[in-house]
Amino acid sequence: MKKVAVYPGSFDPITNGHMDIIQRALKMFDKLIILVAYNPEKKSLFTVEERMNLIREVLNHNKKVRVDCSSGLLVDYVKKEKANVVVRGLRALSDFEYEFQMALMNRRLNKEMETVFLMTGYRWFYTSSKLIKEVAALGGNVKGLVPDLAYQQLQEKYGLNKK
Ligand code: PNS
């Protein structure tokens, strides 16, 4: 039976930290669904379509990956896809409480679903889409923290010239 996992997130935009987690997850699962999921706490810069297209492009349309979106509960999506494993990346300690809460809430909603945490490469420990957007918006150089195409799109969104 194929091992399918769902990697949910806002991906606004996808970063090299996300790419690192995707590469690690691809070694463990036969198929990975990258789910651009609704996070009510966050106001997004990129539309859902833009985020999905960007992810597809930077992953070179990898056949083991499917990119999808959902505005409902993660547990419902996972059940519908018969996946039962959710992948989340962990950076430093600060992620822990938020991730712990979500994992346990999701477990309460669906006892069959497991959340697997993968530790991101140490190079991405301090980065996040939020921080990258803040720096890019103010003209700081975020090259190397996001895939090149994401960098170009950030520059365009903020009307900045390439650095
Ligand atoms: O990249 P993010 O913003 O940290 O990802 C958070 C995300 C999108 C995974 C989370 O908000 C989520 O699962 N949203 C879907 C709606 C849902 O199921 N909410 C309850 C989570 S316990």
Side-chain angles (χ1 to χ4, degrees), residues 5-29 32-62 65-75 77-78 85-106 115-163:
V6 176
Y7 179 27
S10 302
F11 302 105
D12 185 42
I14 189 164
T15 67
N16 284 347
H18 295 129
M19 293 292 280
D20 179 281
I21 297 297
I22 292 167
Q23 298 312 328
R24 289 172 203 279
L26 284 173
K27 290 190 225 157
M28 300 171 65
F29 300 98
L32 188 66
I33 303 173
I34 302 180
L35 186 70
V36 177
Y38 177 62
N39 182 345
E41 300 290 313
K42 292 183 180 170
K43 200 174 153 284
S44 59
L45 175 67
F46 291 87
T47 67
V48 169
E49 278 304 312
E50 285 171 334
R51 285 179 262 167
M52 290 171 68
N53 287 336
L54 178 59
I55 297 169
R56 287 192 186 107
E57 287 293 319
V58 298
L59 288 173
N60 230 343
H61 301 271
N62 185 322
V65 171
R66 178 148 70 84
V67 183
D68 202 357
C69 64
S70 160
S71 56
L73 277 177
L74 177 61
V75 287
Y77 182 89
V78 167
V85 178
V86 162
V87 170
R88 290 285 289 173
L90 270 188
R91 289 165 301 190
L93 273 183
S94 51
D95 278 340
F96 186 78
E97 194 179 348
Y98 169 58
E99 294 298 336
F100 190 74
Q101 285 178 349
M102 278 203 298
L104 291 186
M105 178 59 87
N106 283 329
T115 305
V116 171
F117 293 104
L118 298 180
M119 199 181 290
T120 189
Y122 70 91
R123 290 202 293 158
W124 319 116
F125 251 50
Y126 64 97
T127 63
S128 66
S129 298
K130 182 172 175 275
L131 197 57
I132 287 169
K133 280 182 288 189
E134 186 179 320
V135 172
L138 297 170
N141 191 352
V142 294
K143 204 169 172 52
L145 295 177
V146 291
D148 286 346
L149 188 59
Y151 173 73
Q152 282 168 29
Q153 293 190 2
L154 275 169
Q155 298 286 103
E156 282 160 23
K157 282 273 177 198
Y158 292 121
L160 299 165
N161 294 326
K162 281 178 199 162
K163 287 202 170 176

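If you take CD on Gln101 and CZ on Phe96, they are separated by 10.5 Å, rounding to the nearest 0.5 Å. How far CG of Leu54 is from CD of Gln152: 10.0 Å, rounded to the nearest 0.5 Å. Atoms CG and CG, on Leu154 and Leu45 in that order, are 6.5 Å from each other to the nearest 0.5 Å. Taken to the nearest 0.5 Å, the CG atom of Leu26 stands 11.5 Å off from the CD1 atom of Ile21. Distance CD1/Ile34 to CG/Leu59: 5.0 Å, rounded to 0.5 Å. One distance of note links CG of Leu35 with CD1 of Ile33; it measures 8.0 Å at 0.5 Å rounding.
With sequence neighbours excluded, the residues forming a side chain to side chain contact (heavy atoms under 4.5 Å, CB included) with Glu57 are His61, Leu149, listed by chain and number. Under the salt bridge (charged side-chain N to carboxylate O under 4.0 Å, His left out) criterion, Glu50 pairs with Lys157, not counting sequence neighbours. Legend: residues meeting salt bridge (charged side-chain N to carboxylate O under 4.0 Å, His left out) with Arg24, ordered by chain and number and at least two apart, are Asp20.
Sorted by first and then second residue, the salt bridge (Lys or Arg N to Asp or Glu O under 4.0 Å) pairs with a member in residues 33-42 form an empty list; sequence neighbours excluded. Listed by first then second residue, pairs satisfying salt bridge (Lys or Arg N to Asp or Glu O under 4.0 Å) with a partner in residues 115-124 number zero, not counting sequence neighbours.
You'll find the side chain of Tyr77 reaches within 4.5 Å of the side chain of Asp68, heavy atoms only. Between Leu74 and Val86 there is a side-chain heavy-atom pair separated by less than 4.5 Å. In this structure, the side chains of Val78 and Asn106 stay at 4.5 Å or more apart for every pair of heavy atoms. The shortest side-chain heavy-atom distance between Met102 and Arg88 falls under the 4.5 Å cut-off. Taking 4.5 Å as the limit, some side-chain heavy atom of Ile55 sits within range of a side-chain heavy atom of Val36. Between Gln153 and Pro13, the closest side-chain pair of non-hydrogen atoms is not below 4.5 Å. Put simply, the side chain of Leu73 reaches to within 4.5 Å of the side chain of Val75, judged on heavy atoms.
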(message) Walk me through whether His18 and Tyr7 qualify under side chain to side chain contact (heavy atoms under 4.5 Å, CB included).
(response) CA-CA 10 Å; His18 295 129; Tyr7 179 27; 3.3 Å; yes
(message) side chain to side chain contact (heavy atoms under 4.5 Å, CB included), that's the test. Do Val87 and Val6 meet it? Break it down for me.
(response) CA-CA 6 Å; Val87 170; Val6 176; over 6 Å; no
(request) Before giving the answer on side chain to side chain contact (heavy atoms under 4.5 Å, CB included), spell out for Arg66 and Leu32 the whole-Å C-alpha distance, their side-chain angles and the decisive distance to 0.1 Å. (result) CA-CA 6 Å; Arg66 178 148 70 84; Leu32 188 66; over 6 Å; no
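For Arg51 (side chain) and Ser10 (main-chain N/O), a donor-acceptor pair under 3.5 Å exists by modelled atom type. Ser129 places no side-chain N or O within 3.5 Å of a backbone atom of Phe11 that could act as its donor or acceptor partner. For Arg91 (side chain) and Thr120 (main-chain N/O), no donor-acceptor pair under 3.5 Å exists by modelled atom type. Judged purely by atom type and a 3.5 angstrom limit, Asn16 uses its side chain to pair as donor or acceptor with the backbone of Gly144.
More than 12 heavy atoms of other shown residues, nucleotides or ligands fall within 6.0 angstrom of atom CZ in Phe125. Atom OH of Tyr158 has more than 12 heavy atoms from other residues, nucleotides or ligands within 6.0 Å.
Residues Val58 and Pro147 come closest through the heavy atom pair CG1-CB, 3.6 Å. Contact detail for Ala103 and Phe117: the closest heavy-atom pair is CB-CZ, 4.0 Å.
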Quick one: side chains of residues 130-140, donor-acceptor pairs under 3.5 Å with protein atoms, not counting sequence neighbours, listed by atom name and distance.
residue : atom : partner : partner atom : Å
Lys133  : NZ   : Asp12   : O            : 3.1
Lys133  : NZ   : Asp12   : OD2          : 2.7

